[in-house]
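A note on names: the letters A, B, ... follow the listed sequences, proteins ahead of strands, and every chain is numbered from 1. Bear in mind that the values here come from a model prediction, so they are computed numbers and not experimental data.
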Number of protein chains: 2
Amino acid sequence: MSIQQCCPPVEIDSSAHQSRATLFKALGDPHRLAILEKLARADDEVCVCDFTAALPLNQPTVSHHLRILRDAGLVTCERRGTWVYYRLASDVAKRIVDTTQSLLPQRVLA
Amino acid sequence: MSIQQCCPPVEIDSSAHQSRATLFKALGDPHRLAILEKLARADDEVCVCDFTAALPLNQPTVSHHLRILRDAGLVTCERRGTWVYYRLASDVAKRIVDTTQSLLPQRVLA
DNA sequence: CGCTTTTATCGAAGAATGTCAATATAGCCG
DNA sequence: CGGCTATATTGACATTCTTCGATAAAAGCG
């Protein structure tokens, strides 16, 4: 029996991964990315009815995706009269980049 | 009947969202994030057996997650003898940041 | 060549997710 | 108030994902 080694062990910290995964999971659907891109391009608030018109989804499904984005803190919304207007959270891109940087040490980014 | 408007329509381009979503989906699991962080901290290749030892998952499940990361282009692997060593793809952080920037216009990042 | 170790694949079970129709809620207008 | 429009919620269904046990494949060892 030969004593073999593959590599020195490295610890894993598992506390922060859940919240990071929640963020990335919210980004892991093409329709939600379409919603975010539309918001970014508009550079302004966008009405729900506009998402519903632009996406190949029924209204409840759009509402469902908007909720997931809201829960992830990626968008905010405001009701004005009958309509509800959505807006990118101010720090969306920063949050994604910060999360990436906290996950991967700085030197990897170079 | 009053003619009402909510907001001017904006187009949605849906071609790139699928591949972007695939990337984010691969990042949307805490165990896969743990694998990536371990690789980043090690700043070197890591043996599969080390992941298996560090994660609360059975060996086939670890292998499954490694495959998803491989398919997403986030890691590469190399077999040497009995062992297989994984390494972060050189452009992981850049790819995440670039994808974010292509999704959200530059001014949002400021 | 068999035996052992390491990793990958297969197949199945349970959980989570995306989607829709139906319905509820909120607010405008007459 | 009563009807109409916009959005959210609920419940059901199909698909996908995570996980595991069983098994296969790859490679060193005797």
Side-chain angles (χ1 to χ4, degrees), chain A residues 1-7 9 14 17-18 21-36 38-39 45-72 75-87, chain B residues 1-7 9 14 17-18 21-36 38-39 45-72 75-87:
Chain A
M1 160 181 113
S2 52
I3 296 178
Q4 300 178 317
Q5 293 184 14
C6 57
C7 49
S14 69
H17 296 315
Q18 186 56 59
T22 300
L23 172 67
F24 287 124
K25 207 176 297 185
L27 296 169
D29 179 275
H31 294 133
R32 289 196 289 273
L33 293 184
I35 290 173
L36 291 178
K38 190 180 181 70
L39 283 167
E45 57 188 13
V46 173
C47 179
V48 172
C49 69
D50 201 6
F51 294 126
T52 305
L55 293 170
L57 299 171
N58 287 23
Q59 177 267 322
T61 305
V62 173
S63 197
H64 167 72
H65 286 304
L66 288 170
R67 170 178 254 287
I68 288 176
L69 292 173
R70 252 187 295 137
D71 290 348
V75 301
T76 60
C77 67
E78 176 192 343
R79 173 179 285 270
R80 277 206 305 283
T82 308
W83 297 289
V84 177
Y85 296 86
Y86 279 76
R87 189 182 285 279
Chain B
M1 163 182 105
S2 50
I3 296 177
Q4 298 179 318
Q5 294 185 10
C6 58
C7 50
S14 69
H17 297 314
Q18 186 56 61
T22 300
L23 172 67
F24 287 126
K25 206 177 297 186
L27 297 168
D29 179 274
H31 293 133
R32 287 196 290 272
L33 293 183
I35 290 173
L36 291 178
K38 190 181 181 69
L39 283 167
E45 57 188 11
V46 174
C47 179
V48 171
C49 68
D50 201 5
F51 295 126
T52 305
L55 292 169
L57 299 171
N58 285 24
Q59 178 267 321
T61 305
V62 173
S63 198
H64 166 72
H65 285 305
L66 288 170
R67 169 177 254 289
I68 289 175
L69 293 173
R70 252 187 296 136
D71 290 348
V75 302
T76 59
C77 67
E78 176 190 344
R79 175 179 284 270
R80 276 208 305 284
T82 309
W83 298 289
V84 178
Y85 296 86
Y86 279 76
R87 190 181 285 279

query: Roughly how far, to the nearest 0.5 Å, is CG of B:Leu69 from NE2 of B:His64?
result: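 Rounded to the nearest 0.5 Å, the NE2-CG separation comes to 9.5 Å.
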field: CZ on B:Arg32 to CG on B:Leu55, rounded to 0.5 Å
entry: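 Output value for this atom pair is 12.0 Å.
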- request: Would you mind telling me which residue lines up with the more 5' stretch of DNA chain C, A:Gln59 or B:Val84, judged by nearest nucleotide?
  value: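 The residue whose closest nucleotide sits nearer the 5' end is B:Val84.
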Just to confirm, is there a sub-4.0 Å distance from OP1 or OP2 of [N] to any side-chain nitrogen or oxygen of [X]?
X       : N      : result
A:Arg79 : C:dA26 : no
B:Tyr86 : C:dA8  : yes
B:Asn58 : D:dT19 : no
B:Arg67 : C:dT9  : yes

query: What nucleic acid atoms does B:His64 come within less than 4.0 Å of, heavy atoms only: base, sugar-phosphate, or nothing?
result: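 B:His64: base contact, heavy atoms under 4.0 Å.
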task: Classify the nucleic acid contact of A:Arg80 as base, sugar-phosphate or nothing, counting any heavy atom under 4.0 Å across all strands shown.
output: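 Nothing: the residue A:Arg80, judged by heavy atoms under 4.0 Å, touches no strand.
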- request: Write down the distance between CZ (B:Phe51) and C1' (C:dT6), rounded to a whole number of angstrom.
  value: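 Rounded to the whole Å, the gap is 15 Å.
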task: Could you check how far CZ of A:Phe24 sits from P of D:dC17, rounded to whole Å?
output: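 It works out to 18 Å between those atoms.
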- prompt: Which nucleotide, D:dG28, D:dT7, C:dC20, lies nearest any side-chain atom of B:Thr82?
  reply: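 Of the options given, the side chain of B:Thr82 lies nearest D:dG28.
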field: Candidates C:dC28, D:dT19, D:dT18 - which lies nearest the side chain of B:Ile68
entry: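 Between C:dC28, D:dT19, D:dT18, the one nearest the side chain of B:Ile68 would be D:dT18.
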